[in-house]
Amino acid sequence: MSRSKIQRSGFTLIELLVVIAILSTLIALLLPAVQSARGAAARIQCTNNLKQWGLALHNHETVLGHLPTQGDVPIGRTGDPWSVQTKLLPYLEQSNLGDLINFTQSSDGQAMAVNKVGFLMCPSEINDHAQANPTSPYPLNYLVNTGTWFVYDPVTGMSGDGVFGINRKTRFSEIPDGTSNTLGMSEGKTFTPILRDGGKPSTTAVNPPNTPAELATYGGTFKLDAGHVEWIDARSIQSGFNTTFTPNTKNLFTSGGKSYDIDFTSRREGKTANIPTYTAVTARSFHSGGVNGLMMDGSVRFMRDTVQQQIWRALGTRAGGEITSE
């Protein structure tokens, strides 16, 4: 048989390159759609998680006649209070874990805290893992609303304007702004850098800052990867958020030549008997364009980053008398 009659099967180099180019183009076109679908699925699951917390809050109020306190610390004393999230465990079918808690003891150093509570983690969180110290509490994403800016005064016992406060057992009847107009919970990112315990503002009745740049002027100790890492801890910097700034606002602070997006607390609740606590703990998420917010009527809304500051703060108060719109 002559060589001219030999037939070869398969692709030529040019044909192979054309096929690769076509496949690459298709992948480039499909990848955003796949990522969008994954993001939408994560948001739906996050919404469902928050609805479970909303149901738990309503059941707690029905059974006991009030919502859980943010934490419990005797006026004029110090202590390590237990979070709202720990008190809701029996209403989330987590009684086995809840039974391990002795609420008469300090929350600090409790062995049960290393357990992960699935309902407290958003599926879009990229740092869903335990802390480096294997005996430390597990982190969390879902946080309770402690108000606009002022949180607690250990001298008078006065708490902030959010739904949850230190030693305060709020009833639904004490939310005159309306449960559909008041935030109960929202999201935060785990391992958030924080600026804490500078002791300023040192008096009550201090207005909230208008810009994140003002936070640095209050000072404090910078601590990396320290916020929202202890799901049992009642302090705002761990299990709470407030509405000082709108969702996903960058609160930039420079340390060691690097810039970090921080949360702020003037003095941690329960760590002092005579200095008030102010916090700027921003709602954050890995969702595109905003965060999920649980309203006190049990509904969940997607709160966009573009929400006006005055509207966001109005949603954070339980009795501010503001009028908000969709």
Side-chain angles (χ1 to χ4, degrees), residues 67-87 107 140 142-170 174-175 177 182-186 188 192 194-210 212 214-215 218-221 223 226-228 230 232-245 249 251 262-284 296 312-320:
L67 296 166
T69 65
Q70 177 196 342
D72 297 289
V73 182
I75 295 175
R77 295 172 59 185
T78 59
D80 298 301
W82 293 90
S83 67
V84 170
Q85 291 83 341
T86 60
K87 299 163 190 172
S107 65
L140 73 161
Y142 302 130
L143 317 169
V144 299
N145 167 26
T146 61
T148 307
W149 165 239
F150 168 75
V151 175
Y152 178 61
D153 180 10
V155 176
T156 64
M158 182 172 61
S159 57
D161 55 9
V163 171
F164 301 97
I166 297 293
N167 302 327
R168 192 180 69 236
K169 299 178 179 179
T170 306
E174 297 171 322
I175 308 178
D177 283 354
T182 305
L183 283 163
M185 299 180 73
S186 190
T192 302
I194 60 176
L195 187 65
R196 71 181 192 183
D197 297 348
K200 297 179 180 179
S202 59
T203 60
T204 57
V206 176
N207 292 328
N210 292 314
E214 296 177 47
L215 292 179
Y218 290 120
T221 301
K223 192 169 183 180
H228 306 318
E230 299 187 11
I232 65 169
D233 191 330
R235 298 178 178 99
S236 298
I237 209 74
Q238 294 299 342
S239 59
F241 82 100
N242 58 20
T243 55
T244 307
F245 301 117
T249 295
N251 303 325
I262 66 163
D263 283 333
F264 167 84
T265 183
S266 63
R267 198 72 171 94
R268 286 171 291 168
E269 305 94 307
K271 289 293 186 181
T272 175
N274 57 4
I275 301 175
T277 295
Y278 292 86
T279 66
V281 182
T282 304
R284 298 183 179 90
M296 285 307 299
W312 181 240
R313 289 182 178 179
L315 291 172
T317 64
R318 68 185 185 280

- Task: Would you check, one step at a time, whether the test side-chain contact (heavy atoms from CB on, under 4.5 Å) holds for Gln85 with Leu140?
- Result: CA-CA 10 Å; Gln85 291 83 341; Leu140 73 161; 3.7 Å; yes
- Message: With side-chain contact (heavy atoms from CB on, under 4.5 Å) as the criterion, how do Ile175 and Thr170 come out once you've worked through the C-alpha distance, each side chain's angles and the decisive distance to 0.1 Å?
- Response: CA-CA 8 Å; Ile175 308 178; Thr170 306; 4.2 Å; yes
- For Thr69 and Asn167, what are the C-alpha separation, side-chain angles and deciding distance, and is it a side-chain contact (heavy atoms from CB on, under 4.5 Å)? CA-CA 6 Å; Thr69 65; Asn167 302 327; 5.5 Å; no
- When you look at Val163 and Val144, which way does the side-chain contact (heavy atoms from CB on, under 4.5 Å) test go after all the steps? CA-CA 8 Å; Val163 171; Val144 299; over 6 Å; no
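A distance of 8.0 Å separates OG of Ser159 from CD1 of Ile166, quoted to the nearest 0.5 Å. Between atom OG of residue Ser239 and atom CH2 of residue Trp82 there is a gap of 12.0 Å, rounded to the nearest 0.5 Å. Taking CG from Asp153 and OH from Tyr278, the interatomic distance works out to 8.0 Å, rounded to the nearest 0.5 Å. In this structure, CG on Asp80 lies 5.0 Å from NZ on Lys271, to the nearest 0.5 angstrom. Rounding to the nearest 0.5 Å gives a distance of 7.5 Å between OG of Ser202 and CD1 of Ile275. Rounding to the nearest 0.5 Å places OG1 of Thr277 at 12.5 Å from CZ of Arg196.
Partners of Thr204 according to the side chain to side chain donor-acceptor pair (under 3.5 Å) rule, which considers only residues two or more places apart in sequence or in another chain, do not exist here. Arg268 is linked by a salt bridge (Lys or Arg N to Asp or Glu O under 4.0 Å) to Asp197, counting only residues two or more places apart in sequence or in another chain. Taking the salt bridge (Lys or Arg N to Asp or Glu O under 4.0 Å) definition, one finds that Glu174 meets it with Arg171, sequence neighbours left out.
Residues Asn274 and Thr272 have side chains that bring a donor and an acceptor to within less than 3.5 angstrom of each other. Checked by atom type, the side-chain pair Ser236/Glu269 shows a donor-acceptor distance below 3.5 Å. Using modelled atom types, one finds no donor on one side chain facing an acceptor on the other under 3.5 Å when comparing Arg318 with Thr182.
The main-chain N or O of Met185 is never found under 3.5 Å from a side-chain atom of Asn145 such that the two would form a donor-acceptor pair. Here the side chain of Glu214 pairs a donor or acceptor atom with the backbone of Asn210 at under 3.5 angstrom. Remark: side-chain polar atoms of Thr244 are paired, donor with acceptor, to backbone N or O of Thr148 under 3.5 angstrom. Judged by distance alone, with hydrogens and angles left aside, the side-chain atoms of Asp161 form no donor-acceptor pair with the main-chain N or O of Thr317 at under 3.5 Å. In terms of modelled atom types and a separation under 3.5 Å, the side chain of His228 and the main chain of Gly188 share no donor-acceptor contact. Distance alone, capped at 3.5 Å, is enough to place a donor-acceptor pair between the Thr156 side chain and the Met158 backbone. Without hydrogens or angle criteria, Gln238 side chain to Glu230 main chain gives a donor-acceptor distance under 3.5 Å. Between the side chain of Gln70 and the backbone N or O of Thr146 there is no donor-acceptor pair closer than 3.5 Å.
With contacts defined as side-chain heavy-atom distances shorter than 4.5 Å, the pair Ile237/Val281 qualifies. Put simply, the side chain of Met296 does not reach to within 4.5 Å of the side chain of Leu183, judged on heavy atoms. In this structure the side chain of Arg284 reaches within 4.5 angstrom of the side chain of Asp263, judged on heavy atoms. Taking 4.5 Å as the limit, every side-chain heavy atom of Tyr142 sits out of range of all side-chain heavy atoms of Val84.
Pairing each heavy atom of Ile262 with each of Leu195, the nearest pair is CD1-CB, 3.8 Å. Pro208 and Arg313 make their closest contact through CG-NH1, 3.6 Å (heavy atoms, listed as atom of the first residue, atom of the second, distance). Across Val73 and Tyr152, no two heavy atoms sit closer than the pair O-OH, 3.7 Å. Counting all heavy atoms, side chain and backbone alike, Thr78 lies closest to Gly270 at CB-O, 3.1 Å. Residues Pro276 and Ser266 come closest through the heavy atom pair O-OG, 3.4 Å. Pairing each heavy atom of Phe164 with each of Pro68, the nearest pair is CD2-O, 3.3 Å.
With Thr282 as reference, Asn251 is the one residue of Asn242, Thr249, Asn251 to meet the side chain to side chain donor-acceptor pair (under 3.5 Å) rule.
Contact check on Lys87 versus Asp72 returns a salt bridge, with a Lys/Arg side-chain nitrogen under 4.0 Å from an Asp/Glu carboxylate oxygen.
Between Trp312 and Phe241, the angle of the ring planes lies from 30° to 60°, which puts this pair in the tilted group.
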